[in-house]
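Data block below; observations after.
Quick note on labels: first sequence line is chain A, next is B, and so on, each numbered from 1.
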Amino acid sequence: MLHPLPLRTTHRQTQLQIPLNNPLSNQFNFEQNYRNISNLLLSLTRSRTLPKGLQVHAHIIKTGFQAIPLISHHLINFYSKTQLPLDSQRVFEETQVKSSTTWSSVISCFAQNELPCVAIEFFHRMLGFGVRPDDHIFPSSLKASGMLSWREFGRSVHCLALKTGFDGDVFVGSSVVDMYAKCGQIRDARTVFDRMPVRNVVSWGGMICGYTQLGEDEEALRLFKEALWEGLDVNDFTFSSVIRVCGNSTLLELGKQIHGLCLKTSYDSSSFVGSSLVSLYSKCGVIEGAYQVFEEIPKRNLGMWNAMLIACAQHAHIEKAFDLFKQMESMFMKPNFITFLCVLYACSHAGLVEEGKHYFELMKEYGIEPGDQHYASMVDLLGRAGRLQDAVSIINGMPMKPTESVWGALLTGCRIHKNTELAVYAADRVFELGQVSSGMHVLLANAYAAAGRYEDAAKARKMLRDRGVKKETGLSWVEQGNCVHTFAAGDRRHPISGEIYLKLKELGGEMERAGYVADTSFVLREVGSDEKNQAIRYHSERLAIAFGLITFPPERPIRVMKNLRVCGDCHTAIKFMSKCSGRVIIVRDNNRFHQFEDGKCSCGDYW
DNA sequence: CTAGGGTTAG
């Protein structure tokens, strides 16, 4: 039996207003009734209340209302929003007269429920029925082609829109821009964008976001500035994209300014903006800033929790990371695969093997199948901790074929713990995979060379050369005001490099008196020992720190960013530098942060 | 009535 529905009471009320002798009253009731149902469905769709919706659907079937196109559209849409695309499809198939609206609802349903292939299948079916796409169908199908990066298909849909004269529509235009951007055709996206007769927030946001996804940070920022200049609307979407740019390029000062703008426009409470801000502050080494943003946003979504977890992992705030995870559990915030990558990453940075295993097991309880990245993370954790055999058994227990990153993690562990035999085994497996990514060659070459397999080592190096991959130059940079000051090892190009070298010399004396001894084993073999000593003294991070010591006010922490791993000797040296100068020095290398304070580092020498 | 962006990891 059906439960009484609220619409009945409404119905009774309206009935009272109709004179009983009105010959139209029956028809009117019917009309009123289905309008009520349609409104009820709409509100249920908005609030996504599934049980009640199912009741209403049952009622609709009983009363025969599903024959009314409007009702079936609402039903399709209801199941789409409650993430039940198959039920949407069922309603769609049962709809006898399919208007373009019906097609539109079902195509958008699949596009929104991560089934772009099915969306496109229905798009084709629709064309087969001779139904012309309209200004609602174009956006959905373009979205689907963007999701799949189906460049040629997307282009043909774009052409169809041009032919049928829909290219002037803002929705269609914005979708075309987004589609080309997603397919990596940023120039085409820009051409369409520039030719659009009318543009809105979404068109601008899509274009800016497109540039950020391709790493064209400067163009993204330029466009953002242009939008501000022209007094155009920017919204939380635009802000989150552009803050992400600042995060990726560690532009703290600019990021702060944009944060200020968010506060002014009160877009700062959006959790999307919040996630980007947490990540920005974290990536720029300002972990306190990340905590503050996190605390100040009341409505946190999963992305935001994950961003905070990553921040904790990068800064080795392990206890805080575990604490956050507990908080999530207590609030019934369901973790996803990224959440687990974050906690595993945190465990790996602290060498916490047992905790890592615990979280790895916990995944199953949450119904998340570990992916290759989770396995790689476990191998990394065990490998770094020296438990190479356990790492191998993890690999052997993988239900899927181990990927390059899994073997790479094992290779890293082997390098740290000097297990040449296992390293060669891993290297052979990587070769078997056929394709080898550029970062891998060095690891392979070193593994083979250490085991005396020089021919294979040469082969790995040759592959590297053939690809034209050069070893990345080690660079360090600090931000000051509107400028980023970049240094390479032994660099003398900076305007105040004289002062910088003098400062390092002075400080070097102090450091030696405090007990610092340079460890030259970190320098490549080919140079003589005097040169070694010189070379290590002027690694890029030291130049950057010296620059900070000279130019920053004493209480300001010196934040240095680096694209490569910090070498062991520099790590020791920076500890002494922090002690002798009384400064807080924060160094971000290619995968984490080191906060040096009073002769100690936050990583606890495990990195 | 139906339509177009995203946050978080490496």
Side-chain angles (χ1 to χ4, degrees), chain A residues 35 38-39 41-42 45 68-78 80 99-109 111-112 133-144 146 166 169-179 181-182 200-210 212-213 235-244 247 270-280 282-283 297 300-311 313-314 335-346 348 371-374 376-377 380 403-405 408-409 437 439 590-592:
Chain A
R35 278 201 184 281
S38 122
N39 287 336
L41 257 180
L42 257 180
T45 305
I68 299 161
L70 179 66
I71 298 287
S72 68
H73 305 157
H74 282 337
L75 276 172
I76 294 171
N77 202 31
F78 170 76
S80 164
S99 65
S100 63
T101 317
T102 326
W103 286 102
S104 162
S105 319
V106 80
I107 293 170
S108 97
C109 167
Q112 282 173 0
D134 61 12
D135 52 341
H136 289 74
I137 293 168
F138 276 120
S140 297
S141 37
L142 285 163
K143 181 187 165 146
F166 280 108
D169 184 87
V170 211
F171 276 72
V172 177
S174 306
S175 307
V176 172
V177 168
D178 185 59
M179 181 274 296
K182 289 248 162 59
N200 63 9
V201 206
V202 178
S203 341
W204 281 89
M207 197 64 233
I208 291 173
C209 187
T212 67
Q213 277 162 350
N235 59 7
D236 50 344
F237 175 79
T238 330
F239 276 128
S240 96
S241 317
V242 86
I243 291 167
R244 197 175 49 173
S270 146
S271 47
F272 286 109
V273 176
S275 308
S276 309
L277 281 170
V278 166
S279 160
L280 163 80
S282 166
K283 282 183 177 163
I297 293 178
R300 300 168 194 144
N301 62 7
L302 185 57
M304 189 132 180
W305 283 94
N306 287 348
M308 196 65 241
L309 276 172
I310 292 149
Q314 284 174 328
N336 67 355
F337 76 105
I338 294 179
T339 316
F340 282 103
L341 280 178
C342 301
V343 284
L344 290 176
Y345 183 56
S348 165
D372 56 316
Q373 297 173 84
H374 297 98
S377 219
D380 182 76
T403 53
E404 192 194 88
S405 54
S437 68
N590 54 1
N591 70 261
R592 66 173 297 163

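- Using a 4.0 Å heavy-atom distance criterion, S275(A) is classed as a base contact.
- Nucleic acid contact class of N336(A) (heavy atoms, under 4.0 Å, all strands): none.
- With F272(A) as the fixed residue, the side-chain contact (heavy atoms from CB on, under 4.5 Å) test singles out one of S276(A), S275(A), S270(A): S270(A).
- Every residue meeting the side chain to side chain contact (heavy atoms under 4.5 Å, CB included) condition with S38(A), not counting sequence neighbours, appears here in chain and number order: L70(A), I71(A), H74(A).
- To the nearest 0.5 angstrom, I68(A) atom CD1 is 11.0 Å from L75(A) atom CG.
- S174(A) comes within 4.0 angstrom of a nucleotide base, judged by non-hydrogen atoms across all strands.
- Here CD1 of I338(A) is found 11.0 Å from CG of L309(A). Values are rounded to the nearest 0.5 Å.
- Chain A approaches DNA chain B within less than 4.0 angstrom (heavy atoms of the protein), and the contacting nucleotides run 5' to 3' from dC1(B) to dG10(B).
- Residue contacts for T101(A): at a heavy-atom cut-off of 4.0 Å it reaches a base atom on one of the strands shown.
- Nucleic acid contact for Q213(A): none, since no nucleic acid atom lies under 4.0 Å from a heavy atom of the residue.
- Residue-level contact check: Y345(A) touches the backbone only, with heavy atoms under 4.0 Å from sugar-phosphate atoms and none from bases.
- Of the N and O atoms on the side chains of S99(A) and T102(A), at least one donor lies less than 3.5 Å from an acceptor on the other residue.
- Contacts of D134(A) with the nucleic acid, taken as non-hydrogen atoms under 4.0 Å apart, are absent.
- Within the 4.0 angstrom heavy-atom criterion, base atoms lie near D135(A).
- Anti is the glycosidic conformation of dG4(B), whose angle departs from 0 by more than 90°.
- Considering only residues two or more places apart in sequence or on other chains, I137(A) meets the side chain to side chain contact (heavy atoms under 4.5 Å, CB included) condition with S100(A), W103(A), S104(A), I107(A), F123(A), M126(A), P133(A), D134(A), S141(A).
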